[in-house]
S.K.: 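I'd like to ask some things about the structure below.
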Number of protein chains: 2
Amino acid sequence: MNAEQWQPPPVLLAVDLLILTLRDSRLQALLVERGVDPFIGRMALPGGFLRDAGEGLGAAAERELREEAGLDAGALHLEQLGVYGEPDRDPRGRVVSVAYLAITPRLPDPIAGSDAAEARWCSVDEIARGDIPLAFDHADILADGVDRARSKIESTALATAFCGDEFTIPELQQVYEAVWGAPVDPRNFYRKVKAAAGLLAPADTSPRKPETGRPARLYRAGPATVIHPPILRSVALA
Amino acid sequence: MNAEQWQPPPVLLAVDLLILTLRDSRLQALLVERGVDPFIGRMALPGGFLRDAGEGLGAAAERELREEAGLDAGALHLEQLGVYGEPDRDPRGRVVSVAYLAITPRLPDPIAGSDAAEARWCSVDEIARGDIPLAFDHADILADGVDRARSKIESTALATAFCGDEFTIPELQQVYEAVWGAPVDPRNFYRKVKAAAGLLAPADTSPRKPETGRPARLYRAGPATVIHPPILRSVALA
DNA sequence: GGAATAGTGTCTATTAGACACTATTTG
DNA sequence: CAAATAGTGTCTAATAGACACTATTCC
């Protein structure tokens, strides 16, 4: 700010994606195996550098989502999580990463159109436990993103982003149980979701037939983004 | 990701600060008048470019806090708000800004050691109303930051960051009223803050004497960062 | 005592959690 | 019918908001 000809240092900007979904009733994240040098062979969040100086951050996130996971950004929830830019996080030099959180419904197993050497879904608990070490500071990003999801489903319609277009109340309950990692009473859950104004809208399709038991009514996401009253966890946060 | 010699485009990284405080029982933000070319003469959030490639983002925020506002980062609350990096936000080229939210207690009026041409406190409501146009996308940053503060004081001890080292319950109530922009019943507020475990700790100093009325007991911030049960706004969000 | 602000108690409508019960499907 | 899952109702303890009251200071 003082020298006449001083120029700010340029940095490289990356975008990393924490893509969460529900599989086998567990919260899982998409990881790719790194095929190039820093942390080669390690699992990491999908992501990459900004393509060119004219690309917007959100646009870059959508592009990576398409390239690395074969997912269409228009169909899923995508929000910025934060910036991770400590000077020593990348051995190649000064790389600042903008992390995005994406939520997607259950998908067919093979990830189509994937750029990366190998992409697979991993349980968030296993990663948090340290069973699957991640490259860079991606474990921090994952922890922050899971925290964000855990708290946002209390007061927003975020949980519906884990479900398909049409879903049942027990399915939605599974989302809450998987994200919170705690059981939920179905009777009280019922009352709460129906009390939350604008969370649910009736679907026009007729219920799917299960193998056994009474078929559940189908709903679709309602118009609300924030819900009131909120659906609070019974147990206090750890 | 395909061409052998492709290099990611470098970008310039800026750090912008939304510094909030309470003055005249109103929520106010520190603004500086821009002395250089893009948006010259307009009010903007204090901030600047990363000094060198080895400077951490948090460190840059602390440095700007010191240089532009004369504030010591150790003494106040500082958290990352988000990244603002649309390609067209700065006419000079590709500048990505990391926004930080800082909360500080009431300060003596003249901002010491300020780098900027002119720094002054402005009411957040006036800015939001558009009475004071801001440079770049700083109005967005301000709106996001105020939203963040409004919701975080419900479930964290953030409100105490607006108070001095020792404060009274009525002072803390003023913080809630100013941040929410809505009156709060003092009797119920009392009950709530005292029920919130770890929010308050008794101060050892004796109460200050007001000009009139009974002196209020002094407290200091307790050990809790998240508070339970939360102190919720009565009225629903707009 | 009167004015002003701090702090406590109480009453009531609402809510959250626990859990019994009824409903609808398949076999 | 039994088994399985969906959905409703009810009881009770805790809570939130409204507001009356008591306490402590200065004049």
Side-chain angles (χ1 to χ4, degrees), chain A residues 25 153-155 159 163-164 166-178 180 182-197 199-203 205-220 222 227-237, chain B residues 25 153-155 159 163-164 166-178 180 182-197 199-203 205-220 222 227-237:
Chain A
S25 303
I153 59 172
E154 293 196 323
S155 54
C163 299
E166 298 191 324
F167 55 88
T168 68
I169 292 182
E171 278 167 12
L172 190 61
Q173 182 185 335
Q174 278 193 38
V175 172
Y176 278 88
E177 295 185 320
W180 284 339
V184 167
D185 182 289
R187 286 83 55 101
N188 294 335
F189 184 75
Y190 235 88
R191 205 179 353 108
K192 289 181 183 188
V193 291
K194 304 204 80 168
L199 176 60
L200 299 179
T205 341
S206 54
R208 301 179 227 121
K209 302 277 172 149
E211 303 203 348
T212 174
R214 172 179 177 176
R217 289 203 271 261
L218 285 171
Y219 296 87
R220 45 179 66 248
I227 58 177
H228 188 83
I231 297 174
L232 300 172
R233 244 179 305 192
S234 305
V235 294
L237 330 167
Chain B
S25 303
I153 59 171
E154 293 195 322
S155 53
C163 298
E166 300 192 323
F167 54 89
T168 69
I169 292 182
E171 276 167 13
L172 190 61
Q173 181 185 337
Q174 277 193 39
V175 171
Y176 278 88
E177 294 185 321
W180 283 339
V184 167
D185 181 289
R187 284 85 53 102
N188 294 335
F189 183 75
Y190 235 89
R191 206 181 352 110
K192 290 181 183 189
V193 291
K194 304 206 81 170
L199 176 60
L200 298 180
T205 342
S206 53
R208 300 180 229 121
K209 303 278 172 146
E211 303 204 349
T212 173
R214 173 179 175 175
R217 289 202 272 259
L218 285 171
Y219 295 87
R220 45 179 66 247
I227 57 177
H228 187 83
I231 297 174
L232 300 171
R233 246 179 304 193
S234 306
V235 295
L237 332 166

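Within every chain, numbering begins at 1; the chains are lettered A, B, ... in the order of the sequence lines, protein sequences first and strands thereafter.
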S.K.: Could I get the full list of side chain to side chain donor-acceptor pair (under 3.5 Å) partners for S206(A), not counting sequence neighbours?
M.R.: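 If we apply the side chain to side chain donor-acceptor pair (under 3.5 Å) test to S206(A), skipping adjacent residues, there are no hits.
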S.K.: Specify the separation, in whole Å, of atom CG of L232(A) and atom C1' of dT15(D).
M.R.: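 The distance from CG of L232(A) to C1' of dT15(D) comes to 13 Å, rounded to the nearest Å.
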S.K.: Expressed as a whole number of angstroms, how long is the span from I231(A):CD1 to dA16(C):P?
M.R.: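 Between P of dA16(C) and CD1 of I231(A): 11 Å.
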S.K.: Assign a letter to each nucleotide of nucleotides 19-27 of chain C from its 5' end: B, base within under 4.0 Å of a protein heavy atom; S, sugar-phosphate only; -, no contact.
M.R.: BB--BBBS-
S.K.: Once you round it to whole Å, what is the distance between P of dA6(D) and OH of Y190(A)?
M.R.: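 Rounded to whole Å, this separation is 8 Å.
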S.K.: Tell me: CD of Q173(B) to P of dA6(C), nearest whole Å?
M.R.: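 Nearest whole value for this atom pair: 9 Å.
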S.K.: Measure CZ/F189(B) against P/dT5(C) and give the value in whole Å, please.
M.R.: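 About 17 Å, once rounded to whole Å.
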S.K.: Rounded to the nearest Å, what distance is computed from the NZ atom of residue K192(A) to the C1' atom of nucleotide dG7(D)?
M.R.: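 It works out to 17 Å between those atoms.
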S.K.: Donor-acceptor pairs are to be reported for all side-chain atoms of residues 189-196 of chain B against protein atoms at under 3.5 Å, with residues two or more places apart or in another chain.
M.R.:
| residue | atom | partner | partner atom | Å |
| --- | --- | --- | --- | --- |
| R191(B) | NH2 | N188(B) | OD1 | 2.8 |
| K192(B) | NZ | L232(B) | O | 3.4 |
| K194(B) | NZ | Y219(B) | OH | 3.4 |

S.K.: Could you tell me which residues satisfy side chain to side chain donor-acceptor pair (under 3.5 Å) with R187(B), sequence neighbours excluded, listed by chain and number?
M.R.: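 Listed in chain order: D185(B).
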S.K.: Without decimals, in angstroms, what is the distance between F167(B) CZ and dA6(C) C1'?
M.R.: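 It works out to 16 Å between those atoms.
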S.K.: Ignoring hydrogens and geometry, is there a side-chain-to-backbone donor-acceptor pair from E154(A) to P230(A) under 3.5 Å?
M.R.: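 Pair absent, no side-chain N/O of E154(A) close to backbone of P230(A).
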S.K.: Not counting sequence neighbours, which residues clear side-chain contact (heavy atoms from CB on, under 4.5 Å) with A159(B)? List them please.
M.R.: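 Expected list: I153(B), L172(B), V175(B), Y176(B).
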S.K.: Only counting residues at least two apart or in another chain, list the ones meeting side-chain contact (heavy atoms from CB on, under 4.5 Å) with T205(A).
M.R.: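 T205(A): side-chain contact (heavy atoms from CB on, under 4.5 Å) contacts with E166(A), A203(A), L218(A).
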S.K.: Using a 4.0 Å heavy-atom cut-off across all strands, classify P170(B) as base, sugar-phosphate, or nothing.
M.R.: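 Sugar-phosphate contact only.
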S.K.: Rounded to whole Å, how long is the line connecting atom CZ of R217(B) with atom C1' of dT8(C)?
M.R.: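 For the pair R217(B) CZ and dT8(C) C1', the rounded distance is 10 Å.
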S.K.: Would you say dG7(C) has OP1 or OP2 under 4.0 Å from some side-chain N or O of K194(B)?
M.R.: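 No, K194(B) has no side-chain N/O under 4.0 Å of OP1/OP2 on dG7(C).
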